[in-house]
Amino acid sequence: MSSKSKKNKTDKVKKNQKPGLRKAGNGLSPWEIVKISRHPARPVFQDYLKLIFYNFIALHGDRRFADDPAIAGGFAKIEGNKIIVVGHYKGKNTEENIERNFGMAKPEGYRKALRLMRLAERFNIPVVTIIDTPGAFPGIEAEERGQAESIAKNITEMAKIKVPIVAVVIGEGGSGGALGIGVGDKILMLSRSIYSVISPEGCASILWRDAAYAPDAAKALNLTADALLKLDVIDEIIEEPSKGAHTGINKTAENVKKSIIKNLKLLSNLSVDELLENRYKKYSNMGKFADKKTS
Amino acid sequence: MSSKSKKNKTDKVKKNQKPGLRKAGNGLSPWEIVKISRHPARPVFQDYLKLIFYNFIALHGDRRFADDPAIAGGFAKIEGNKIIVVGHYKGKNTEENIERNFGMAKPEGYRKALRLMRLAERFNIPVVTIIDTPGAFPGIEAEERGQAESIAKNITEMAKIKVPIVAVVIGEGGSGGALGIGVGDKILMLSRSIYSVISPEGCASILWRDAAYAPDAAKALNLTADALLKLDVIDEIIEEPSKGAHTGINKTAENVKKSIIKNLKLLSNLSVDELLENRYKKYSNMGKFADKKTS
Amino acid sequence: MAWLNKSDTEKNSPRKSLWIKCKKCQSHIFENEWIKHLNVCPNCNFHGNITSGERINLIFDKNTFKELNSNIEPVDSLKFVDLKGSYKDKFEANKKKSGLSEAVITGYGKINGIDVSAAVMDFRYLGGSLGSATGEKILRASNYSYENNIPYIVFSESGGARMQEGILSLMQMAKTCSGISRLNKKNIPYISVLANPTTGGVTASYAMMGDINIAEPFAVIGFAGRRVIEQTISQKLPDDFQTAEYLLEHGFVDAIVNRKDLKNYISNILSFYNR
Amino acid sequence: MAWLNKSDTEKNSPRKSLWIKCKKCQSHIFENEWIKHLNVCPNCNFHGNITSGERINLIFDKNTFKELNSNIEPVDSLKFVDLKGSYKDKFEANKKKSGLSEAVITGYGKINGIDVSAAVMDFRYLGGSLGSATGEKILRASNYSYENNIPYIVFSESGGARMQEGILSLMQMAKTCSGISRLNKKNIPYISVLANPTTGGVTASYAMMGDINIAEPFAVIGFAGRRVIEQTISQKLPDDFQTAEYLLEHGFVDAIVNRKDLKNYISNILSFYNR
Ligand SMILES: [Zn+2]
Ligand SMILES: [Zn+2]
């Protein structure tokens, strides 16, 4: 079932998405895409909250320690569909960014996200997550309150959430901080967004011993949407203008909306058992390795 | 089923426990019993850990914030039975008491307790809780990390734990701080222990406007084991020496052990559905009220 | 509106006065103005107590609320007597004064057309304290949700457990939560609304267990009493300690909602329930 | 024992030396003494790395451990090249040097007579990093537990996700945790043992998800790297930051257990499993 739908997806991609996919890589280096994904004018979660979601009811708190402003979420509607939406919340300017910690969540943020996803289960409505973070916050208080535990817990629990989960990478998909709300049935990505195990700068400073090699690292890491689609990590690329979503916000938002709706519809046909079985199969198939016995 | 077993229990109590029950109240005022329940030499959880439990493996932490030394717990055996034991951990002297916060738990203590009870579910072994606390810790950090939430959560979740829970009040059963680990299928109480909605001093200072009226409040509150048995709040009184457990520690521990074993056996005959249904019925029957329509 | 005199105005202000003194900003508000604003201070937005009847009128569609279990009343099972007399005398006097037979009204009704079961606490009756009859009514109300598969809402306004019932009042925490536990298992939404004050055993049981917790502005919400904590730490607590705003910051309530917006806020949330 | 030279002794100490310098207390320990103490410093109890083979010998009953899926090996699917060359060259060199084909050995065996499935990480191979083949083996090992209803144990010793596999290494966090999630649903116990170091994506996935988390003394366990955090806060971190002892205090590990006691500790816990 999973492999069949995977095949369907791949076919569809080949038919419909290839041009966009090619355009995505066309003329832009991975490093240029990194820069677009971080562009200060790039639309962030609250832009989409205005443009494609409505009736948003923000819910707060992890019921344990705090309400983390770096992650927002609550009930919302999208084209008539009732959902829970949860996402990283970058600011639109320096002041907001400081308040929102640049979208870098602490454990309480991940725990709030999980609470809201369980609320979606209670209300029997799907979850849409919006990913846009440089990474989980690397600070003392985050470590001491269990940054690792909170991400691990979310990844483990998201595998069991009994409603559809659609994750959309709209900007920076920064490592574990992104994955902490990123275990979905469908992973969608804007064509100028990135998703990576480590920032290009971080990778460069370790493997090249100099952060200035970030462009090389960006290339090596395969962090662009088209690279990730080829690796079977994401399910669909959402078109945005060649120079970035900020040069065509409304059109981009419309594309994001269409893609979310399309995928919610696909998932709504599944029983809970099929949904969870497919989700398990999706993640159990992640990665490329050699089987020396059979090869 | 529940009412039948309740009847059986009451019959048994009438037959076997009445003498002890009478002795418990005999010659001692509630206030004297309060003082015995708090006697500095009174055996505490760690004494029972030595005397009746063995193979104790202490487990730590709430996986969220801290390990609260005011609550201890882990795997243990009692007369061949594998269990998870969780209890308030008073110190044996001032130094230990300061370290253990006098057995006054913070939210992380209740959350650890809940984690361990869920572990009992995973391992399919019963839970024994040992209650001995002046109350939940009334401090800023406890409030700010959700003392109320942590107790409420435990009470709610204990109603669902799919293994038998036996709670034993060995000293002070202090209000919500006791109840936070006290929602059991069977509630046992040492004859010189207390269990109360508020400390006699607290009650006196509110209703008598003077804490010196604590002895009056102690009487009014019906906080002794024999009063609580009559109110159908506890299931069994465990005998201890008239002057208190500290005057006969080994014998008291032996009685506690026997009572725990007896009740674990009773509960082990139930299916999970029966167990949870009985537990629900037990708590749904708590309290005395008038039904003006029917009376 | 005699109760206003006790709960929301200075006790020593003469009854004949048509002015209400706001507990928070100390402004004197003309009584009509105060009532027109749903007992909310027009100056500082402090939300004063409202009666269960007023709350029901405010939240439920006209003539849809049907009370259940009004026949459940307290008994003085401990024959509790303190300095001021017996518990029995006290609750009978409270009944006379407030016209209520318990600190909670329970029943079912419609909120913008959505069926719910609800419990509405009333601070006038023994400070909204949780006794056996209170707990029984609250459990029955959650069971009504359970049996009819409709959402459950509790409006809390309570000083906590009712001491005069001793341990029986403490056990109501477990009793009411065993009802919430059943709703959880059946995935029936439960919304808890916390008004000023919600403290002690009520906060440490059903009031904090909402799938969604909503607080009214400036409501005091906490477990241990302010004085008890100040004794423990031997210092004064900050002003905002245990307020709705403090709880929002610390992650325990989802939203702070003005009374006038509460009905639509709740029905908006319930409109997302998809079963 | 060539690997000791790399991972537990100063790199610039000459190989011919029979002395091991303890990373923690800097004592020079005679190599035989060090090995006799299971690579634990007899002076300060610092627990150095041990190989997966040594770990297996230490934990499993003699000749009971049977390796599975040793045929799963990495591929350089990204054709990743950094300053020092290709990923392919790197893992092939690591294989040659360590004799391992991945950073984890998986299989099943008996611990004091109790059947378990296990994954044992090995720091020698690419710093115990989590790549696709690592993740595949770890998932298969948890599935072996799932299918045979026996407890699952992972011994972690890892620098985190394997950058050279890019996003695929990140996805191994979700992959391995999807296995843990299935064990949870079936109520099969999972014990995680965290040795020095366990960091990054390994900590933020299966290593932190044990029903019981056990750490070795002084093990460094954390998510973000020490240097990254120091850059963020522009100050030095305390010495005990991200140690096993720190994690115990903050509630993330159940116990710190000396290597010599680990086998019995684990089998004691498993003896409580009652299904
Ligand atoms: Zn005012
Ligand atoms: Zn040393």
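Computed from a predicted structure; not experimentally measured. By convention in this document, chain letters (A, B, ...) are assigned in the order of the sequence lines, proteins followed by strands, and residues within each chain are numbered from 1.
- Residues B/Val233 and C/Ile167 have side chains in contact (heavy-atom distance under 4.5 Å, counting atoms from C-beta outward).
- B/Ala290 and C/Pro74 get closest at one heavy-atom pair: CB-O, 4.2 Å.
- Dense packing is recorded around CZ of C/Arg275, with more than 12 heavy atoms of other residues, nucleotides or ligands lying under 6.0 Å away.
- Only the side chain of C/Leu139 comes within contact range of chain B, judged by heavy atoms closer than 4.5 Å.
- For C/Ile221, no part lies near chain B; criterion is any non-hydrogen pair under 4.5 Å.
- In this structure, CZ on C/Phe80 lies 4.0 Å from SG on B/Cys203, to the nearest 0.5 angstrom.
- Across every non-hydrogen atom of B/Trp208 and C/Asp82, the tightest pair is CZ2-CA, 3.5 Å.
- Summarising the geometry, atom OG belonging to B/Ser284 is positioned 7.5 Å from atom CG belonging to C/Asn143; distances are rounded to the nearest 0.5 Å.
- For the options C/Ser132, C/Ala204, C/Gly166, heavy-atom pairs under 4.5 Å to chain B are most numerous at C/Ala204.
- B/Leu228 touches chain C through its side chain: at least one heavy atom from C-beta onward sits under 4.5 Å away, while N, CA, C and O do not.
- Note that NZ of B/Lys282 is 9.0 Å distant from CE of C/Met171, once rounded to the nearest 0.5 Å.
- Contact of C/Tyr246 with chain B is made through the side chain alone, with heavy-atom distances under 4.5 Å.
- Across all non-hydrogen atoms, the minimal contact from C/Phe252 to B/Gly146 is CZ-CA, 3.2 Å.
- Counted within 6.0 Å of NZ on C/Lys186, heavy atoms from surrounding residues, nucleotides or ligands total more than 12; the atom is thus considered enclosed.
- Residues C/Met163 and B/Leu221 share a closest heavy-atom pair of O-CD2, 3.6 Å.
- For C/Lys175 (side chain) and B/Tyr283 (main-chain N/O), no donor-acceptor pair under 3.5 Å exists by modelled atom type.
- Within the 4.5 angstrom heavy-atom criterion, only side-chain atoms of C/Ile233, from C-beta onward, approach chain B.
- Looking at B/Arg279, there are no atoms closer than 4.5 Å to chain C (heavy atoms on both sides), in backbone or side chain.
- Between C/Ile229 and B/Ile140 the shortest side-chain heavy-atom distance falls below 4.5 Å.
- B/Leu179 and C/Met173 get closest at one heavy-atom pair: CD2-CB, 3.7 Å.
- For C/Arg182, the part sitting under 4.5 Å from any heavy atom of chain B is the side chain, from C-beta outward, and nothing else.
- Side-chain atoms of C/Thr232 come within 3.5 Å of backbone atoms of B/Pro138 as a donor-acceptor pair (strictly under, hydrogens ignored).
- Top candidate by heavy-atom pairs under 4.5 Å with chain B, chosen from C/Ala133, C/Ala174, C/Ser205, is C/Ala174.
- Screening C/Thr134, C/Asn71, C/Ile72 against B/Phe289 for a side chain to side chain contact (heavy atoms under 4.5 Å, CB included) leaves a single residue, C/Ile72.
- Only the side chain of C/Gln164 comes within contact range of chain B, judged by heavy atoms closer than 4.5 Å.
- Interface remark: C/Lys137 contributes no atoms to any contact with chain B (heavy atom separation under 4.5 Å).
- In this structure, chain C has heavy atoms under 4.5 Å from both the backbone and the side chain of B/Thr156.
- Using a 4.5 Å heavy-atom cutoff, the side chains of C/Met208 and B/Ile151 are not in contact.
- Note that CD1 of C/Ile180 and CD of B/Glu157 are 12.0 Å apart. Values are rounded to the nearest 0.5 Å.
- Note that CG of C/Leu168 and CG of B/Leu231 are 5.0 Å apart. Values are rounded to the nearest 0.5 Å.
- Here C/Thr203 contributes atom OG1 and B/Glu143 contributes atom CD; the two are 8.5 Å apart, rounded to the nearest 0.5 Å.
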